[in-house]
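Inspection log for the structure reproduced underneath, given as structure tokens.
A note on names: the letters A, B, ... follow the listed sequences, proteins ahead of strands, and every chain is numbered from 1.
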Number of protein chains: 2
Amino acid sequence: MRSENRVTINDIARHSGVSRSTVSLVLRGSSRISKATVDKVKASIDALGYTYNRSAANLRTQTSQAIGLIINDLMNPFFTELTAAIEEAADREGFFVYLVQSNEDPERQNKLCTSLVEHGVAGLIICPATGSPRETFDRLHTQRVPVCIAVRPFPDDRFDFSGPDNFRAAELATNELLELGHERIAFLGGERGNPSRDDRVAGYFKALQQAGITFDPELVVESRPSRQSGVADVEKVLGLPNPPTAALCYNDFVAISVMHGLRRNEMEPGRDMALIGFDGMPEAEMSHPTLSTVSLRPRLIGTEAANLVIDRIKSADRPILRRVQSPELVLRESSEAPRQSNSPTRNRNPR
Amino acid sequence: MRSENRVTINDIARHSGVSRSTVSLVLRGSSRISKATVDKVKASIDALGYTYNRSAANLRTQTSQAIGLIINDLMNPFFTELTAAIEEAADREGFFVYLVQSNEDPERQNKLCTSLVEHGVAGLIICPATGSPRETFDRLHTQRVPVCIAVRPFPDDRFDFSGPDNFRAAELATNELLELGHERIAFLGGERGNPSRDDRVAGYFKALQQAGITFDPELVVESRPSRQSGVADVEKVLGLPNPPTAALCYNDFVAISVMHGLRRNEMEPGRDMALIGFDGMPEAEMSHPTLSTVSLRPRLIGTEAANLVIDRIKSADRPILRRVQSPELVLRESSEAPRQSNSPTRNRNPR
DNA sequence: CTATCTTGATAGAACGATCCAACATCACTT
DNA sequence: AAGTGATGTTGGATCGTTCTATCAAGATAG
């Protein structure tokens, strides 16, 4: 890029004895150019070592093949999987993805939006950071940037959305635990104000209510989710006079950390407390015991988000769409044995 | 980007009654413009809702703030951590990162290189896919693209490099197992031809040799690493007449999968077989038992890679640098107990 | 009173591509 | 022989910005 005498389309034209326009047509594979000319031009391209300048072309055509993707935290396998799916879908349509992390910081998120738009992305997929100001989205709206909001249900009906059904996911998980015979079910981790978490708590609450179980606020523990937070969360409820026999964990990370917390207190996850996480990250299958989880279908959400934004890039005026993916309960060892049945522990590593 | 009548610097000029050049100077915060004019122009910018077109500017100035990052697999926490560190370092220097995945596919990697260069990145950080053809790098070299090779030691002395010391890492791990009294030590996972793996096997070999232990080729199992591959790998050596009492695992993923394989055969990882992984991914701390590992210092490698490429962007002619980070042995439960001491199993979840 | 220096602002060319309208050829018609 | 079409090629304008050189006007100097 920074070489003083970059080879341009003009150099090719001069070298092959045709016009600049002809070279441009050859580059774009136009059928209107004779085979002889095409060969001549291609020979010059190889000879001079030409590299196409897509930015220049984009400037002229007012287009772009780039989609900006803003996610909160790359280290979370849920988002990693989402990203992978988005990249694949974008690739299929000839787009490619600029990936950046907001680190859950609304201000950084705002800067990133500006930067990406300035760099001329064709569209944006955003997983809104908790506490995102409306202003960021107002700007995007007036700038007419095609945007798809993903994963986190930011309340804004001006943009397409692709995300999970958090409420239903929590209902599913809670009902499963209820059916196993649990009556004291905790909800561990996550912070109030995070819409995903609040929706899950709401679903959990509804399922309890429908089962006629009185809701105990002490069983809902708030904390900023991290790789360690589950330890403290579960120890909090273990200290109660009437501790829970099962727990929903805000996400799979928290669940795995809760397993550690249990072991620190001489309890065996799965046997002494049933656990179900949320997300469906691949690691859940590798934990010990393997972790039951409600998969939010990150791949599906990602594919859908990419399709939505690409579709919107192509037709700015089509009506707003909301694609909510139904979750899938994935049962594994951590929620196998009901508490009250004092049957001997089953072999939890069959085969 | 695609609106028919985008607001440009010309519109601002017209609206505020100054020249195009003046607006440009205001945008770049030039000190040669009077405060009165600056205010006038800024007012127009707000009024018309202008967005800066950085691509156009880059075309004119022949510069770019973007760094392309090509990694093999986003789903691997090692790379995720590497990426995070690169992003942070780039951000500090005013650059931002286009992240793409090669999926370990040399052809895709080649396409991505082309695409990124065409899009005008200022430089490239590449973790070479296994089996990368020399040709890809030859092109980058003749195009004079600033490149830093990261993680995988691709044999090319024309580019800067930032990566781990795989040989030393394996030596460290092997010596630790030897000191614990193990004599039958396996090396599980990874494929011949992958330089990281081959270096690790070499270090393992040297350590065994120095300890006067005859190398048994049956203890080295090759496989394409995945989240499940360790199961088969370990079952292979368990089937031997004289099975190993300890194993080095190609990476932490493999190690965690090996734990599953052991349990499937009624063996307890850590107690019945000591395990040490490579990478130092955060999940290693969350496994059960917690996983001993040789941390390759992904954050350090990332920071260094970003610094190297940015430095090279600024001064193309400085000599080639190779930054090799020394690994760090992180001992946890999976390599606690030596096999031959038949002491009672220690509590492996101390409070 | 002319000469020189500052300060602030500007016009036109340039970056590397594409678009548009025009233009040769050459081959068929009629 | 002139008209019509198809085929292949082209020069100039253009995208939105910055660069270079220049300039007007006022200040300072001799």
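Spacing between atom CG of N58(A) and atom P of dT18(C) amounts to 10 Å, rounded to whole angstrom units. Between the CD atom of E118(B) and the P atom of dA17(C) there is a distance of 10 Å, given to the nearest Å. Between L25(A) atom CG and dC19(C) atom P there is a gap of 9 Å when expressed in whole angstrom units. dA17(C) atom C1' lies 8 Å from atom CG of L59(B), rounded to whole Å. Separating the CD1 atom of I9(B) from the P atom of dA9(C) is a distance of 15 Å, rounded to the nearest angstrom. Taking atom CZ on R28(A) and atom C1' on dC20(C), their separation rounds to 12 Å, with Å as the unit.
For the helix from dC1(C)-dG30(D) to dT30(C)-dA1(D), the axis fitted to the five pairs at one end and the axis fitted to the five pairs at the other end meet at an angle of 60° (nearest 10 degrees).
The aromatic rings of H119(A) and F96(B) are tilted relative to each other, their planes meeting at an angle between 30° and 60°.
For the pair C113(B) and L140(B), the minimum side-chain heavy-atom distance is below 4.5 Å. Using a 4.5 Å heavy-atom threshold, the side chains of I126(A) and F137(A) count as touching. Annotation: side chain of L116(A) is not in contact with side chain of R54(B) (no heavy-atom distance under 4.5 Å). Two residues are said to be in side-chain contact when any heavy atoms from C-beta on lie closer than 4.5 Å; H141(B) and D156(B) fail this criterion.
C127(A) pairs with exactly one of I301(A), L82(A), I149(A) by the side-chain contact (heavy atoms from CB on, under 4.5 Å) rule, that one being L82(A).
T22(B) and S19(B) are linked by a side-chain donor-acceptor pair at a separation below 3.5 angstrom, with hydrogens and angles left out of the test. One side chain, T37(A) or S34(A), offers a donor N or O that lies under 3.5 Å from an acceptor on the other.
T37(A) comes within 4.0 angstrom of sugar-phosphate atoms only, judged by non-hydrogen atoms across all strands, and of no base. Using a 4.0 Å heavy-atom cutoff across all strands shown, N10(A) reaches no nucleic acid atom at all. T61(B) comes within 4.0 angstrom of the backbone, heavy atoms only, and of no base.
Protein chain B contacts DNA chain D over a range whose 5' and 3' limits, counting nucleotides with an atom under 4.0 angstrom from a non-hydrogen atom, are dG16(D) to dC19(D).
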Do any N or O atoms of the protein come closer than 3.5 Å to N or O atoms of nucleotides 11-14 of chain C, and which pairs are they?
unit_1	atom_1	unit_2	atom_2	d
dA11(C)	N7	S21(B)	OG	3.2
dA11(C)	N6	S21(B)	OG	3.1
dG12(C)	N7	R20(B)	NH2	3.1
dA13(C)	N6	R20(B)	NH2	3.4
dA14(C)	N3	R60(B)	NH1	3.2

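Residue S34(B) is the one, among A56(B) and S34(B), whose nearest nucleotide of DNA chain C lies closer to the 5' end (criterion: closest heavy atom).
For the pair A129(A) and D105(A), the tightest heavy-atom approach, listed with the atom from each and the gap, is CB-N, 4.0 Å.
Note on T8(A): every side-chain N or O is 4.0 Å or more away from OP1 and OP2 of dC15(C).
Side-chain atoms of R32(B) lie closest to dG8(C) of the nucleotides dT10(C), dG8(C), dG16(C).
Between D311(B) and K314(B) there is no salt bridge, since no side-chain N of the basic residue sits under 4.0 Å from a carboxylate O of the acidic one.
For R224(B), the CZ atom counts as loosely surrounded, since its 6.0 Å shell holds 12 or fewer non-hydrogen atoms of other residues, nucleotides or ligands.
Judged purely by atom type and a 3.5 angstrom limit, R108(B) uses its side chain to pair as donor or acceptor with the backbone of Q101(B).
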